[in-house]
Amino acid sequence: MELLKRKILDEGIVLSNQVLKVDSFLNHQIDPLLMQAIGKTFASLFRESAITKIITIESSGIAPAVMAGLELGVPVIFARKRKSLTLQDDLYTEKVYSFTKKEESEVSISRKLVSPVDRVLLIDDFLANGEAALAMARIVEQADATVAGIGIVIEKAFQNGALKLKEQGYRVESLARVASLENGSVEFAN
Ligand code: G4P
Ligand code: NA
Ligand code: NA
């Protein structure tokens with residue numbers, strides 16, 4: 001997606017060989033027009049997949065997921081990282097191990113929100129090692145629903161997440177694929 005790549009080149013900050021900071025449009029401040037374009041792109045990629053629901057993980061997946069949901073006309077669920085006051089029981093819960101943060105966390109969604117008839121599009125802001133996406137996929141499978149595809153805003157193609165997801169048979173569509181962050185600069189894959 002050319003608009004997204006241009007934004008990454010203009011505003012992304014390479015923090016290390018592993019980490020790209022995009023706080024000006026995705027992870028802290030959000031660019032609504034860019035998010036709208038991202039939503040339209042996801043919708044066109046998955047229009048024929050008979051999606052009934054989108055699932056993402058709070059917080060940075062929510063903006064692109066909502067825009068895709070708006071375009072596809074389907075509800076958007078964000079998996080919660082903390083048990084909330086009102087969301088306490090009847091949950092599907094999965095563990096997520098973050099290699100970046102070296103810590104394990106849990107994500108949960110209410111069992112009421114997903115059923116076996118659902119064809120789910122998983123959306124996330126970043127794909128690194130794929131652990132968050134795999135946890136979302138396991139939740140969908142716990143519900144006997146179908147993972148119809150995985151949409152990623154920025155894939156770090158030098159990490160193994162996309163490979164892991166594709167090996168499990170999932171269709172992965174990344175709007176920007178970063179091949180390298182070496183020497184402080186962003187190189188895209190084709
Ligand atoms: P994985 O799910 O692909 O295995 O990824 P990982 O554990 O490495 O990711 C942990 C958190 O770090 C996630 O955000 C993820 O989006 C983010 N992340 C990973 N690599 C990068 C990167 O290069 N740049 C940026 N900006 N973020 C990255 P999170 O903790 O779930 O937070 P939130 O942003 O959704 O609130
Ligand atoms: Na994130
Ligand atoms: Na995320």
Side-chain angles (χ1 to χ4, degrees), residues 1 4-5 7-32 34-35 38-39 42 53-69 76-84 93-109 120-141 147 149-168 170-189:
M1 185 181 166
L4 173 62
K5 288 195 203 169
K7 193 80 166 175
I8 291 169
L9 291 175
D10 288 348
E11 298 186 16
I13 296 166
V14 177
L15 286 188
S16 68
N17 287 351
Q18 307 288 316
V19 179
L20 174 67
K21 182 172 160 123
V22 288
D23 277 8
S24 75
F25 62 90
L26 182 57
N27 289 140
H28 194 20
Q29 176 171 261
I30 291 168
D31 179 334
L34 177 66
M35 287 309 133
I38 284 170
F42 280 137
K53 272 188 188 164
I54 293 173
I55 297 181
T56 186
I57 299 184
E58 64 176 341
S59 55
S60 299
I62 296 175
V66 167
M67 291 304 185
V76 178
I77 302 164
F78 60 95
R80 306 189 81 134
K81 290 175 176 166
R82 273 172 214 84
K83 304 260 152 81
S84 80
T93 297
E94 285 288 339
K95 289 186 169 27
V96 189
Y97 179 74
S98 169
F99 291 97
T100 306
K101 296 181 171 177
K102 308 248 182 299
E103 65 184 26
E104 191 174 72
S105 60
E106 286 190 337
V107 291
S108 304
I109 74 172
V120 178
L121 172 59
L122 304 177
I123 285 188
D124 214 349
D125 56 335
F126 267 90
L127 176 60
N129 295 294
E131 294 300 317
L134 285 170
M136 288 191 278
R138 289 195 301 270
I139 283 179
V140 172
E141 278 151 17
V147 177
I150 301 175
I152 299 294
V153 180
I154 303 174
E155 173 189 328
K156 293 190 290 182
F158 55 87
Q159 295 184 259
N160 68 354
L163 194 66
K164 267 156 70 180
L165 297 173
K166 287 173 186 170
E167 274 173 3
Q168 300 221 0
Y170 299 121
R171 175 184 171 199
V172 181
E173 297 286 354
S174 305
L175 304 188
R177 299 182 65 238
V178 174
S180 163
L181 296 171
E182 311 262 312
N183 306 314
S185 73
V186 179
E187 300 283 346
F188 292 108

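Counting starts at 1 for both ligands and their atoms, following the listed order. Counting from 1, the numbers follow the sequence of the chain as shown.
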Are G161 and ligand 1 in contact, using a heavy-atom cut-off of under 4.0 Å? no
Considering only the protein, which heavy-atom contact is closest to atom 6 (P) of ligand 1, and what is its distance? T100 OG1, 3.5 Å
Give the atom numbers and elements of ligand 1 that come within less than 4.0 Å of a heavy atom of K101. 30 (O)
Students should be able to answer this: which protein heavy-atom is nearest to atom 5 (O) of ligand 1, and at what distance? A128 CB, 3.5 Å
Can you find a non-hydrogen atom of E58 under 4.0 Å from ligand 1? yes
Need the atom name: nearest N/O/S atom of D125 to the Na ion (ligand 2). OD2
Of the N, O or S atoms in D124, the one nearest the Na ion (ligand 3): OD1
Quick test: of every protein heavy atom, which one is nearest to atom 17 (C) of ligand 1, and how far off is it to 0.1 Å? F126 CB, 4.6 Å
Can you name the atoms of ligand 1, numbered from 1 with element, that are less than 4.0 Å from a heavy atom of S60? 33 (P), 34 (O), 35 (O), 36 (O)
Does I57 come within less than 4.0 angstrom of ligand 1, counting non-hydrogen atoms of the residue? no
Classify the contact between N129 and ligand 1 as side chain, backbone, both or neither, using a heavy-atom distance cut-off of under 4.0 Å. both
Location of contacts on L26 toward ligand 1, heavy atoms closer than 4.0 Å: neither
Can you tell me which portion of K81 lies within the under-4.0 Å heavy-atom range of ligand 1? Options are side chain, backbone, both, or neither. side chain
Would you mind listing which atoms of ligand 1 come within a distance below 4.0 Å of any non-hydrogen atom of N27? 25 (C), 26 (N), 34 (O)
For atom 12 (O) of ligand 1, state whether the nearest protein heavy atom is under 4.0 Å away. no
Please write down residue, atom name and distance for the protein heavy atom closest to atom 24 (N) of ligand 1. L20 O, 2.6 Å
Considering only non-hydrogen protein atoms, determine which one is nearest to atom 7 (O) of ligand 1 and report residue, atom name and distance to 0.1 Å. S98 OG, 2.9 Å
